[in-house]
Each structure stands twice: as C-alpha cells, then as structure tokens.
Amino acid sequence: MSYVEVEYPRDKEGFYAMLRRQLALYMGDETDQTARLANASAVIAQAFPDANWVGFYLVDGDSLAVGPFQGKPAVSRIGFGKGVCGSAWKERESQVVEEVACFAGHIACDCNTHSEIVVPLWRDGEIWGVLDMDSVLPGHFTQADRLGLEEAVKLL
Ligand code: SME
C-alpha cells in the first residue's frame, strides 16, 4: 500500500476522526504487534508535525521497554512509576504534561522537549503499554488530545 498524504482537519473532532481512519487503514488485518505499532507510530507522527518523538513503551515484567517509535534514540527501559510513562502505568491514567521541566522525575530524552502526553494501552483491563508523544512546544497537548488519543489507541 503506498502512503497517501492526508490533510488533517484543524478541528479536534475532524482531526481525530481522520486519525482513527488512518490508524484503522494501517492496522488492516495485520496481526504482528511490531508491524502494527511501527505503522501506528508513523501515522501518529505524520498527524503531529510538532511532535519530536512519537512511540510506544511496552510492559515487559516490572518495567517498560521501548517499542516502535519515530524520533531520536531514547531510553530503552522505564521502571514502574518512573518518569511520565511509568507514572501513567502506575496511576493507570493518561498524563498530560504542559512543561516537562515542572514534572518531578521526568526522564529527559531530548533536551528540546517541552511538553509530553502519555496514554495507556489497555487490553482486558490491563495496561500492556503506553503511547508516548513529546513536543518542542510548551503546552502542545490538551485534554481534548488526551480524549482523542485514548479513543484512537483502542484501534491498536
Ligand atoms: N519522557 C519520558 C521518557 C521517554 S522519552 O520522552 C522518549 C518519561 O519521562 O517517561
């Protein structure tokens, strides 16, 4: 399938409807988790041009291991409750961080990052990983993004 550039609507409802369509298209009937998450990270990165890192951390025992992503090399392991990702896992809820310098315990991977959103991935009532997205812009991710992404990641 060759990638067709899509224009994302500016309004959040239209934007997330388009994002879900794109994710559904690239998930298709693919069953391999790496294949699915690799394309999901690429689809989401295309939709968020101001994100400097988009990817997944996946539960592996008592820590999260980095999964498919788009961006600079990043920390490979994050402990339960550590950083923004480990906090989302421990608190069992999404984290929206307007300014990472103000988040105690934030794990810096790119000193250009200002804001971050982390959304848990759920299966059968358990978290199996998180979507992590960083932006160079302060306050880039909103509660509307949290809701939109929480819905979108159900397709993964
Ligand atoms: N900032 C994250 C670490 C991962 S990088 O952002 C890619 C955290 O605090 O969990």
Side-chain angles (χ1 to χ4, degrees), residues 3 6 8 12 15-16 18-20 22-24 26-27 30 32-156:
Y3 179 72
V6 290
Y8 279 87
K12 291 286 182 190
F15 177 91
Y16 280 102
M18 175 74 86
L19 183 64
R20 290 194 302 274
Q22 285 293 102
L23 284 173
Y26 279 90
M27 295 307 99
E30 180 56 63
D32 181 84
Q33 179 172 278
T34 305
R36 292 169 65 84
L37 297 184
N39 263 332
S41 67
V43 165
I44 298 170
Q46 290 289 324
F48 286 86
D50 290 319
N52 56 330
W53 200 92
V54 177
F56 298 95
Y57 279 90
L58 305 174
V59 172
D60 181 31
D62 60 359
S63 60
L64 296 166
V66 74
F69 69 91
Q70 312 274 308
K72 291 182 183 166
V75 61
S76 59
R77 289 263 165 193
I78 297 176
F80 185 67
K82 303 292 182 193
V84 186
C85 293
S87 297
W89 183 19
K90 184 178 176 188
E91 307 297 333
R92 297 169 74 82
E93 64 178 19
S94 300
Q95 308 286 311
V96 181
V97 181
E98 291 189 4
E99 178 48 72
V100 294
C102 300
F103 186 99
H106 167 256
I107 300 165
C109 290
D110 179 343
C111 58
N112 293 314
T113 294
H114 276 285
S115 56
E116 180 163 4
I117 188 166
V118 177
V119 175
L121 309 176
W122 293 92
R123 186 182 295 135
D124 300 330
E126 292 301 322
I127 292 175
W128 60 278
V130 299
L131 164 67
D132 180 18
M133 200 165 3
D134 293 342
S135 174
V136 294
L137 304 176
H140 187 52
F141 305 108
T142 64
Q143 292 301 322
D145 292 313
R146 176 176 68 80
L147 295 174
L149 290 168
E150 285 175 351
E151 198 57 35
V153 297
K154 290 179 184 168
L155 294 164
L156 304 182

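Just so you know, ligand 1 is whichever comes first in the structure, and atom 1 is the first atom listed for that ligand. No experiment lies behind these values; they were computed from the predicted model shown. Residue numbers count from 1 along this sequence.
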Checklist line | Pair Lys154 + Glu151: basic N to acidic O under 4.0 Å | finding: yes
Next item on the list: Measure centre to centre between the rings of Phe48 and Phe15, then say whether the value is under 6.0 Å.
Entry: yes
Checklist line | Pairs meeting criterion ring pair (Phe, Tyr, Trp, His ring centres under 6.0 Å) with involvement of residues 82-129, two or more places apart | finding: Phe80-Trp89
Item checked: All pairs passing side chain to side chain donor-acceptor pair (under 3.5 Å) where residues 76-85 contributes a residue, at least two apart -> Asp60-Arg77, Ser63-Arg77
Note to self: Please output the residues near ligand 1 using a strict heavy-atom distance under 4.0 Å, listed in chain and residue-number order.
What the structure shows: Trp53, Tyr57, Ala74, Ile78, Gly83, Val84, Cys85, His106, Ile107, Cys109, Glu116, Asp132, Asp134
Next item on the list: Identify the residue among Leu23, Val6, Val54 that makes a side-chain contact (heavy atoms from CB on, under 4.5 Å) with Val43.
Entry: Leu23
Side-chain polar contacts of residues 129-137 - donor-acceptor pairs under 3.5 angstrom, sequence neighbours left out - could you list them?
unit_1, atom_1, unit_2, atom_2, d
Ser135, OG, Asp50, O, 2.7
Ser135, OG, Leu137, N, 3.0

